[in-house]
Protein chains: 2
Amino acid sequence: MSKDKILSEALTLFASRGYEGTALSELAERVGMKKASIYSHFKNKEEIFWAVIDRAYQDEIDKFSKGMKEVQQLSFRERLHFMIDQHVHFYKENDVNATLWRRMTLFPPEAFREGLKAKLLEYEQQFNALLETELQVAIEEKEISDIDLDTGLAMILCIVDGLFVEYSYYDENEFNERVEAVKKMTWRSFAPKVEEG
Amino acid sequence: MSKDKILSEALTLFASRGYEGTALSELAERVGMKKASIYSHFKNKEEIFWAVIDRAYQDEIDKFSKGMKEVQQLSFRERLHFMIDQHVHFYKENDVNATLWRRMTLFPPEAFREGLKAKLLEYEQQFNALLETELQVAIEEKEISDIDLDTGLAMILCIVDGLFVEYSYYDENEFNERVEAVKKMTWRSFAPKVEEG
DNA sequence: CCTACCGATCGGTAGG
DNA sequence: CCTACCGATCGGTAGG
């Protein structure tokens with residue numbers, strides 16, 4: 001269907017050039033139609049934007065929650081590393097989606113700032129709920145130090161956000177080394193003080 | 001001088017709307033002249049861009065190295081917290097400079113990509129050299145665990161990058177709490193395992 | 001530093 | 001899904 005084709009080409013363009021930087025004439029050319037014909041599928045450019053965003057958002061949510069179900073039986077340390085890896089994997093495999101997300105989080109088109117912020121907080125809440133349970137169980141079972149939940153949560157989110165940024169400005173090898181370093185250090189920050197890791 | 005005024009207004013605009021998103025007509029209006037008059041100070045838009053970038057780069061370098069000199073006598077734990085605070089302070093006080101820098105790093109205008117990358121690596125090398133010395137001394141004096149230098153470096157950079165992202169999407173109170181949480185956890189990741197912090 | 005202008009391109013519409 | 005447009009705005013120039 002050409003509506004899908006419009007959305008997937010728009011995703012690529014919005015991610016690489018931004019919203020205002022994307023011309024509908026170029027979008028049309030990639031899809032293989034004239035610019036005016038786009039308007040028989042979408043009301044205007046803004047409607048295309050939100051359709052693209054909604055799709056990218058659902059993709060991210062689905063992949064993350066599916067992944068976490070697969071590692072329930074592992075230790076907290078392993079689940080922590082898995083969580084970080086999974087985000088990294090997302091940046092790599094799904095480069096366009098992640099780039100769009102990154103761009104729209106950091107530099108939203110002025111008019112869409114509020115709407116995008118709402119979507120982001122929605123995602124964070126789902127992520128937080130999941131993480132909070134993880135931490136609580138790990139503390140109760142003495143897998144990690146008795147850390148304040150919000151403190152531990154803030155740390156993991158900060159790490160994930162930091163790697164998110166760094167992915168786009170280091171080359172693959174350098175980035176992979178950084179991921180391993182950060183996983184190691186992050187575990188150290190959670191580990192019970194008495195045992196040496 | 002109106003050349004300075006052009007540069008400082010251009011900084012604000014490039015940071016908040018990006019290069020292509022900034023219209024010379026708006027720049028002129030903010031400066032208080034007509035668009036055509038800008039061309040008596042600069043050859044074209046591109047020349048304004050590089051003048052702005054060069055200035056922002058020098059500012060960032062100067063402020064960071066000046067700050068670090070003032071805390072040489074403190075403990076590593078305090079210097080670590082100071083470094084994080086200083087970056088946070090930089091985002092807050094000097095929001096425009098930092099925002100421009102990050103935007104141009106992550107989403108450079110296509111034509112300027114190579115030139116910008118060179119500037120970034122230059123900055124990172126200076127930052128790394130400084131951090132490396134900090135870590136080495138702290139390890140030798142047994143203030144922190146015997147951690148691989150690159151690993152420790154990667155951790156601090158990741159934290160700083162993560163907080164940068166988060167600064168733009170949390171409100172002030174929430175953000176400040178996250179900074180404190182992250183400082184605490186980051187210190188835990190460096191601390192010798194035997195002493196409880 | 002200004003007025004007056006240029007060609008190119010933007011998002012969007014009319015009408016088929 | 002097309003041709004043929006629209007007004008608005010872009011970066012930049014001529015000439016004073």
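In what follows, chains are A, B, ... by sequence order, proteins preceding strands, each numbered from 1.
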### Message
Could you check whether B:R102 makes a cation-pi contact with B:F164, meaning its NZ or CZ is under 6.0 Å from the centre of the six-membered ring and within 45° of the ring axis?
### Response
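So B:R102 does make the cation-pi contact.
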### Query
Do the two ring centres, one from B:F112 and one from B:W50, sit under 6.0 Å apart?
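Yes, the ring centres sit under 6.0 Å apart.
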### Query
Side chains of A:Y19 and A:E46: do they bring a donor and an acceptor to under 3.5 Å?
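There is no such pair between these side chains.
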### Message
If we count only N and O atoms by modelled type, under 3.5 Å, do the side chains of A:S145 and B:R188 hold a donor and an acceptor together?
### Response
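Present: a donor and an acceptor within the cut-off.
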In whole angstrom, give the distance that lies between atom [atom1] of [X] and atom [atom2] of [N].
{"X": "A:K35", "N": "C:dG12", "atom1": "NZ", "atom2": "C1'", "answer": "7 Å"}
{"X": "B:L24", "N": "D:dA8", "atom1": "CG", "atom2": "P", "answer": "21 Å"}
{"X": "B:E20", "N": "D:dG12", "atom1": "CD", "atom2": "C1'", "answer": "17 Å"}
{"X": "A:Y19", "N": "C:dG11", "atom1": "OH", "atom2": "P", "answer": "8 Å"}
{"X": "A:I6", "N": "C:dG11", "atom1": "CD1", "atom2": "P", "answer": "14 Å"}
{"X": "A:E26", "N": "C:dT9", "atom1": "CD", "atom2": "C1'", "answer": "13 Å"}
{"X": "B:I38", "N": "C:dC2", "atom1": "CD1", "atom2": "C1'", "answer": "13 Å"}
{"X": "A:Y39", "N": "C:dC10", "atom1": "OH", "atom2": "P", "answer": "11 Å"}

### Task
Tell which nucleotide pairs with D:dA4, taking only Watson-Crick or G-U wobble pairs whose two distances are both under 3.5 angstrom.
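Base partner found: C:dT13.
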Does [X] place a side-chain N or O at less than 4.0 Å from the phosphate oxygens OP1/OP2 of [N]?
{"X": "A:S37", "N": "D:dC2", "value": "yes"}
{"X": "A:S2", "N": "D:dC1", "value": "yes"}
{"X": "A:S25", "N": "C:dC10", "value": "yes"}

### Query
For B:A36, which contact category applies under a 4.0 Å heavy-atom criterion: base, sugar-phosphate, or nothing?
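The residue B:A36 makes base contact.
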### Query
Which nucleotide in the list C:dC2, C:dT13, D:dG12 gets nearest to the side chain of B:M33?
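The answer is C:dC2.
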### Message
Can you identify which nucleotide, out of D:dG11, D:dT3, C:dG12, has its nearest atom closest to the A:K34 side chain?
### Response
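Among D:dG11, D:dT3, C:dG12, the one nearest the side chain of A:K34 is D:dT3.
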### Message
With a sphere of 6.0 Å drawn around CD of A:Q73, does it hold more than 12 non-hydrogen atoms of other residues, nucleotides or ligands?
### Response
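Counting other residues, nucleotides and ligands, CD of A:Q73 exceeds 12 neighbours.
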### Task
Please say which of A:D95, A:V88, A:V179, A:T99 ends up in a side chain to side chain contact (heavy atoms under 4.5 Å, CB included) with A:Y167.
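It is A:D95; the other options fail the test.
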### Query
Would you call A:E20 and B:R17 a salt bridge, taking side-chain N to carboxylate O under 4.0 Å as the test?
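Salt bridge between A:E20 and B:R17, a charged N being under 4.0 Å from a carboxylate O: no.
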### Query
Going by number, which of residues 42-50 of chain B have a non-hydrogen atom under 4.0 Å from DNA chain D?
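Residues of residues 42-50 of chain B under 4.0 Å from DNA chain D: B:N44, B:K45.
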